[in-house]
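The figures here come from the full heavy-atom set of this structure, side chains too, leaving out hydrogens, waters and symmetry mates. First the proteins, then the strands, lettered A, B, ... as listed; each starts at 1. Model, not experiment: these values are computed from the prediction.
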Amino acid sequence: MAPPQLITDFMRLMLLLAPSAAIICLVLAGLGLRQGSVPDALVGGNFAKWMFWAIVFLTLPQLISWFPSFGVPASLPSGGIGTGWMANLQSGLANFVQNFLLTRLATSFAAFFVLRAILDTVQGGHPLPSILGAMFLLAIQTTLNLINRYNSGASTATADVLDSLWNYLAGTLCPIAAGLAVIGAIWNFVSHRPVLPMVGATLGLLTVSSIWKLITTMM
Amino acid sequence: MSFYNGLLNLTNWAGNVIMPTLGALFIAFAVIQFARGYHHLYSAWAYGGLMCLMVSGLLRMFEKFTGQLGWNNPDLYWNSLLNLVDWFANVILPVYAGMHVAVGALKFGGLFEQQVHHQFSHTRHFLGAILCLMVSGLLRLGEFFVTRGTAGVR
């Protein structure tokens, strides 16, 4: 027996709203980047948690494709929403997230983070976490496109995206961060603070993939 | 707008615009510390100023250290540390040894040391005044050293 039209349309509504939910998660991830230290936020913190949920929402159809193997029939409805008010709701919510939350609010949050970077410096803190948070918030659309590009479409898409993001982080972003670590080392040297941790971090940022290989070889 | 572009441009701006400018400030601080007789402080500012002028070179140096083996070689981190230690022991320390031979020769003279050593206030003040008037020249000298030093970057 075919499911009622309303149920099918509700499923379509939920699936079509998944990218919007992913955008909300990315905005929350950007805000989470500034809570606590950057290493804490990146691995195991709020940033990591919201990034994970963004990836889950973007790979939801692929995740649901596992259900038949558990003995739960889950055929996803294709096509557009047939019920008028539901289609309007989906269109309105997607429009709200895209044009208000992503385009306007996230940009305003980024501007406040730039202000916070200056205030952090006034208090003797470090401006970098706030600047990185602002950059992430301004680049949410590009990050979304990047995650979509890494989506393999297979049932393992969630893990594939995470693998690809790790590769992107280790192979593209970390070598650039090594340049910032060199600057940090010089700054520490001038201000009579320990330099060796920064030197070790510079070498580490340039050899992340190799350290991963070292750990797997040890196992 | 992408996070990659943002991070790349932030690093380039900090390393190639801000740090060389701060380098000039650090050299000025070094001159002031020298003039005030804080001989244990001015060298850190002076070396810091010089390093600010060669952020890109230092990064290339670390890239050279970490690029001797394949990216997936488990020994890469160890090899990078080995290259760092090797460079420090076989390049920096011989130069440092040469400096100390020169300082030793100057101290050996005794009388010469009493004339020019910065701990003695009269020469220190005169030398400090001269250095204060030629901070720009010192910066240009540092830039000259860095520019000439690029020949050593492979």
So, the part of B:L84 with a heavy atom under 4.5 Å from chain A: the answer is side chain
I need the residue from A:V190, A:I140, A:I211 with the largest number of non-hydrogen atom pairs under 4.5 Å to chain B.
A:V190
Derivation and outcome, side chain to side chain contact (heavy atoms under 4.5 Å, CB included), residues A:I186 and B:C52
CA-CA 7 Å; A:I186 295 172; B:C52 283; 3.9 Å; yes
Determine whether A:I131 and A:V114 satisfy the following criterion, side chain to side chain contact (heavy atoms under 4.5 Å, CB included), listing intermediate values before the conclusion.
CA-CA 6 Å; A:I131 289 172; A:V114 170; 6.0 Å; no
So, the part of B:M19 with a heavy atom under 4.5 Å from chain A: the answer is side chain
Pairs of heavy atoms under 4.5 Å with chain A: top-ranked of B:L8, B:L7, B:L58
B:L7
So with a 6.0 Å cut-off around CE of B:M1, is the heavy-atom count from everything else above 12?
no
Please walk me through it: do B:L133 and B:I130 pass side chain to side chain contact (heavy atoms under 4.5 Å, CB included)?
CA-CA 5 Å; B:L133 294 171; B:I130 292 168; over 6 Å; no
Pairs where residues 87-122 of chain A contributes a residue and the test ring-ring contact (aromatic ring centres under 6.0 Å, His included) is met, not counting sequence neighbours:
A:F96-A:F100
Atom pairs, donor to acceptor, chain B/chain A, distance under 3.5 Å:
{"unit_1": "B:M1", "atom_1": "O", "unit_2": "A:T142", "atom_2": "OG1", "d": "2.1"}
{"unit_1": "B:W71", "atom_1": "O", "unit_2": "A:S210", "atom_2": "N", "d": "3.3"}
{"unit_1": "B:N73", "atom_1": "O", "unit_2": "A:S210", "atom_2": "OG", "d": "2.7"}
{"unit_1": "B:Y77", "atom_1": "OH", "unit_2": "A:G200", "atom_2": "O", "d": "3.2"}

Would A:L146 and B:F3 count as a side chain to side chain contact (heavy atoms under 4.5 Å, CB included) here? Give the steps.
CA-CA 11 Å; A:L146 188 75; B:F3 190 72; over 6 Å; no
Which one, A:P175, A:G179, A:A185, leads in non-hydrogen pairs under 4.5 Å with chain B?
A:G179
Chain A heavy atoms under 4.5 Å from B:I18: which part of the residue, side chain, backbone, both or neither?
neither
Which bit of B:F62 comes within less than 4.5 Å of chain A, counting heavy atoms only: side chain, backbone, both or neither?
both
Considering only heavy atoms from C-beta outward, does the side chain of A:L17 approach that of A:L89 to under 4.5 Å?
no
